[in-house]
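Notes for the one structure printed next.
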Amino acid sequence: MKQYTLLIGGEPVATSHHAPVANPSNGDVVGHMPLASEADLDRAVAAATEAFRSWSQTSSEERAKACRAVAEKINEHAEELAQILTREQGKPLNGLGSRFEIGGALAWTRHTAELDLPVEILQDDNEGRVELHRKPIGVVGSITPWNWPVMIACWHIVPAVRAGNTVVIKPSPLTPLSTIRLVEIMNEVLPPGVVNVITGENSIGAALSSHPGIAKMTFTGSTETGKKVMASAVATLKRLTLELGGNDAGIVLPDADPKAIVEGLFWGAFINNGQTCAALKRLYVHDSIYEEVCRGLADYTSRIVVGDGLDEASILGPVQNEMQFNKVRELVDDARAHGGRILTGGAPMDRPGYFYPITLVADVDHGVRLVDEEQFGPALPIIRYSDIDEVVARANQNPAGLGGSVWSSDAEKAKRYAVQLECGSVWINKHGTIQPNAPFGGVKQSGIGVEFGAEGLKEFTTIQTVLS
């Protein structure tokens, strides 16, 4: 089985210790992750610092050309990346799985390549000229999660590089192999040291976020870990972009057509098996159509094939890891104990791997863990309500604020309620459909800053005001 290496300064760097990476569908070892030391981290930061001196001085067009070249490399290696991704993450190759993720990484990379932040003229008159320049920050540290490892790596790396920064990325120890390979192919077209990858357990991530040579941290992951990243940035006043956990509410208004919305509700909740920050995680349905929506979702769920990601027939795969598998099981068991009505699923599947069926739990409410906590897996609580204004207020009680949605046959009415939701993104008659030109980020405890588009690119710059 292949032993992967770090990539520092454009060169593979072997380590003396490795850790196995397992396929969550069956437990098979799919490769061995290199375990970086703090000396390796220092070397990576030094390489990125050296590369920054020249990379930051390149023109915007040169950087755009380089990002276009990165996109073409991703395209050339799309199937290879998808195969690695499925083996370590578990998601199916087909549908909204690994090939979809690589396609998303490609689309975001291509879009970001074409962004630009030209000098803004704030004043130019007989009293003087004022220009606003955006300059790269320095070495960016990136920590990525296990749910969308390739796409989120591109969300971190490509805008950083496009803005003139260099990067040291540390992927999740649960899904490091696809990111290592991604960085290897990026280095075929980027100058040495512009993008470096180190891997290891969480301790090396903590060392990265506190490293004095890192000028900015970008992190996607849980709120609790995000708080630790934020705390570690204090000593050096690092810039931060944090995209953290969500507990997104979806509100179905009484005029919604259950038959028309069931498919959208399902995929809003269960894309990537529910292992998505901006998935629909709390579904509030008006009493007048509650049972019809429950029946429709249960019927749609019955047609979804859950299986090994390498099986081309699979539509959804396993939960990625044991910790998350156990959390989903605990939350469902707790909901059942508190009167939850199990419409589908409700217990682990009798097969190897971390397979938990798509689970719909009706007749639960606030105070039940499945409602109050982020499940991050294939279980959805369905909550009955009767007063629309009250349910908006209740949806806003949660400390998370990443996304939300409102479902109705009247889009304008839906929008009136949608804008009242306390979240960074809100959708009408859909959920979680992010796109590269639309800024994405959380409020409250779901993060700081935004990603995507020109606003996301600005996060990787500092402002210099030139007055003459």
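Note that the structure is a prediction, hence the values are computed from the model and not measured. Only heavy atoms go into these numbers, but all of them, side chains included; no hydrogens, no water, no symmetry mates.
- In this structure the side chain of I304 reaches within 4.5 angstrom of the side chain of W267, judged on heavy atoms.
- Y417 does not carry K413 over the face of its six-membered ring by the limits of under 6.0 Å from the centre and within 45° of the normal.
- Proximity of R282 to N398: side-chain heavy atoms (C-beta onward) are separated by under 4.5 Å at one or more points.
- The side-chain heavy atoms of D257 and I261, taken from C-beta on, include no pair separated by under 4.5 Å.
- Test T144, T179, T218, I143 against I152 for side-chain contact (heavy atoms from CB on, under 4.5 Å) and you get one pass: T144.
- By the 4.0 Å N-to-carboxylate-O rule, K281 lies too far from D248 to be salt-bridged with it.
- Salt-bridge formation is not detected for the pair E88/K2: no Lys NZ or Arg NE/NH1/NH2 atom is positioned less than 4.0 Å from an Asp or Glu carboxylate oxygen.
- Here CZ of R416 is found 9.0 Å from OG of S408. Values are rounded to the nearest 0.5 Å.
- Annotation: the span from M33 atom CE to L6 atom CG amounts to 10.0 Å, rounded to 0.5 Å.
- In this structure, A395 and A249 approach most closely via the heavy-atom pair CB-CB, 3.9 Å.
- To the nearest 0.5 Å, the span separating CH2 on W146 from CG on N321 amounts to 5.0 Å.
- Side-chain contact check for N202 versus T225: every heavy-atom pair is 4.5 Å or farther apart.
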What do the steps show when you test T241 against E451 for side chain to side chain donor-acceptor pair (under 3.5 Å), and what is the final call?
-> CA-CA 8 Å; T241 300; E451 301 176 290; over 6 Å; no
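- Ring pair W108/W155 is tilted by interplanar angle, where 30° to 60° counts as tilted.
- Between R68 and E61 there is a salt bridge, since a side-chain N of the basic residue sits under 4.0 Å from a carboxylate O of the acidic one.
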Worked check of side chain to side chain donor-acceptor pair (under 3.5 Å) between R87 and S25 = CA-CA 8 Å; R87 284 175 166 82; S25 287; over 6 Å; no
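- For K444, the NZ atom counts as densely surrounded, since its 6.0 Å shell holds more than 12 non-hydrogen atoms of other residues, nucleotides or ligands.
- In this structure, D116 contributes its side chain and S60 its backbone to no donor-acceptor pair below 3.5 Å.
- For the pair K327 and F376, the cation does not sit on the ring face, since its NZ or CZ is not both under 6.0 Å from the ring centre and inside 45° of the axis.
- C423 has its side chain out of reach of L402: every pair of non-hydrogen atoms, C-beta onward, lies at least 4.5 Å apart.
- For the pair E201 and K170, the salt-bridge criterion is not met [side-chain N within less than 4.0 Å of a carboxylate O].
- Contact record, Q375 with L380: NE2-CA, 4.2 Å, taken as the closest heavy-atom pair.
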Give the intermediate values and the outcome of side-chain contact (heavy atoms from CB on, under 4.5 Å) for residues R181 and L177.
-> CA-CA 6 Å; R181 185 65 185 127; L177 308 182; over 6 Å; no
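- More than 12 non-hydrogen atoms from other residues, nucleotides or ligands lie less than 6.0 angstrom from CD of E79.
- V197 and P171 make their closest contact through CG2-CD, 4.0 Å (heavy atoms, listed as atom of the first residue, atom of the second, distance).
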Take L81 and I185 through the side-chain contact (heavy atoms from CB on, under 4.5 Å) test and state the conclusion after the steps.
-> CA-CA 10 Å; L81 288 168; I185 66 174; 3.9 Å; yes
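- In this structure, Q435 and H111 have side chains that are not in contact, with every pair of non-hydrogen atoms separated by 4.5 Å or more.
- Taking the side chain as every heavy atom from C-beta outward, K65 and E62 never approach each other to under 4.5 Å.
- Between N147 and C277 the shortest heavy-atom distance is ND2-N, 4.1 Å.
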